[in-house]
Amino acid sequence: MSTKYVFVTGGVASSLGKGIIASSLAKLLQSRGYRVANQKLDPYINIDPGTLNPYEHGECYVTDDGAETDLDLGHYERFTGCPTSKANNITTGRIYQNVINKERKGDYLGKTVQIVPHITDEIKRNIKLLGSKGEYDVVITEIGGTVGDIESLPFLEAVRQLRWELGEKSVLIHLTLVPFLSAAGELKTKPTQHSVKSLLEIGVQPDILVLRTEHPLSNDLKRKVALFCNVQPEAVVESRDVSTIYEVPVRMEEEKLDKTVLEMLGLPLNSGPDLEQWKQFLYKLNNYREEIQVGLVGKYVELHDAYKSIVESFIHAGAVNDCKVNIHWIHSEELTEENAEEVLKNLHGILVAPGFGHRGITGKLAAIRYARTRNIPFFGICLGMQMAVIEFARNVLHWEGADSTEISSKTKYPVIDLMNDQKEVTEKGGTMRLGAYKCELKEGSKAWEAYGQKIIEERHRHRYEFNNRFKAQFEAAGMITTGINPETGLTEIIEIPEHKWFVGTQFHPEYKSSVARPHPLFVAFVKACLS
Ligand code: GLN
């Protein structure tokens, strides 16, 4: 079967949840037996979001093949369980870079290189690339930004051309907002009509409209929107606010979004969708028996999107444990040795987050010391693990000034240091240790218990590493390496066996947690918090 394409665009406002709609549709089609891939096109000029400050764009999500991508790819993986790759996230920067590289090679044979057709051709090539391998029945491509933005124009133009070329092999879903004006007591459809008009001006007619709303939409309203926007009334889909994003696939099924899409693409409905496991997860999410309080210590806590995958991992791990994990956001720059007791005293567990640079380091160290000395479950991820090593070096081994060379390049005890292959690196983009690496677990360790297997594979995003030169001294004092990269010998996990649950990972487990497979370390950490 040749691949069919679904495009998802947005209008009226940003943050309406295109990524969640795209992920939900993927889930529904997958549950009807289709092989589906999600893709995101981002209209900014950065080659990838790896160089973006989390305040700008939230978390940077890392794939198995080491691509630094948009956080929507995290939703795709968490909903469908299918790994994504570099091909699933394309930015304007990447498109232009490819075109300019080709121009320098002389590939355009003396032609004037232009947005149309050269940039749009490159966009189309990247959209079709996922489908070209025959691995997917449906590719769902989400266009970042909002209709009317200057930046998204070349992407929409490429979609216009591609839809023309693909004929009945494509469907376009446009997501808009229907605001409720309380003074008038009415839902307003005019912004949707205008948004569709903007699309029509550039030659793109949506097939399905998904209307985000706080209140139920009447059939009359749906009919009105259908009439003004040239779509079938059954192709006007209500997307009402829900308490969790994980409800959305179920709501979209009720609204028959999957059925409408398949019919438009000329594909059989098959049986299903089989949402049994998904609904069980939802049931557990809404019917928990216990609650725990977990402190998340980081420097971007005002912006919860900066730690998106961690938050979602706790939702998955909580459901498995029949409990709700309440996250307490603790700003590492506001935490000190003096106020640690006051701030942390009611927590059942503490997670110290990943990060870069020296800001907030003392707060992170104070949180770790508190967790270590009070036997409170501790989970350190990447920088959080590195900080646990530093705290141990300073307060247990009494190595004054022990540090990471990222923070203090002249420290006498560089317990976290750059490996040789990173020392020569000067460019920032895409040069860290990125993507999936194997790790061998030590039998009997907490990590080994959690995973229930010896060899695991987890994703990385960092430059610095535990300095194995000091390993023997750490182990003699009670902090041991329980995960090792079998090829390089690098330390990937540290633990304090004497402690109730004290685990630090150099990798990022949060990137691999999904509804179908909650991450074993998050599940074990939550269990430890409950006990
Ligand atoms: N800054 C640290 C490093 O580069 C940790 C990175 C992270 O937490 N992702 O090694």
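Whatever order the structure lists them in is the order used to number ligands and atoms, beginning at 1. When a residue number appears, it is its place in the shown sequence, counting from 1.
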- Which residue pairs pass the ring-ring contact (aromatic ring centres under 6.0 Å, His included) test with at least one member in residues 414-449, sequence neighbours excluded? Tyr437-His460

- Message: Under a plain distance cut-off of 3.5 Å, with no hydrogens placed, do Thr84 and Glu77 share a side-chain donor-acceptor pair?
- Response: yes

- Sorted by chain and residue number, the residues with a non-hydrogen atom under 4.0 Å of ligand 1 are Pro354, Gly355, Phe356, Cys382, Leu383, Gln386, Glu406, Arg461, His462, Arg463, Tyr464, His508

- Item | Check: Glu59/Ser309 side-chain N/O donor and acceptor closer than 3.5 Å | yes

- Is there a donor-acceptor pair under 3.5 Å between the side chain of Asp72 and the backbone N or O of Asn89? no

- Query: NZ of Lys364 to CD1 of Ile330: how many Å apart, nearest 0.5 Å?
  - Reply: 12.0 Å

- For the residue pair His398 and Phe392, is the inter-centroid distance of their aromatic rings smaller than 6.0 Å? no

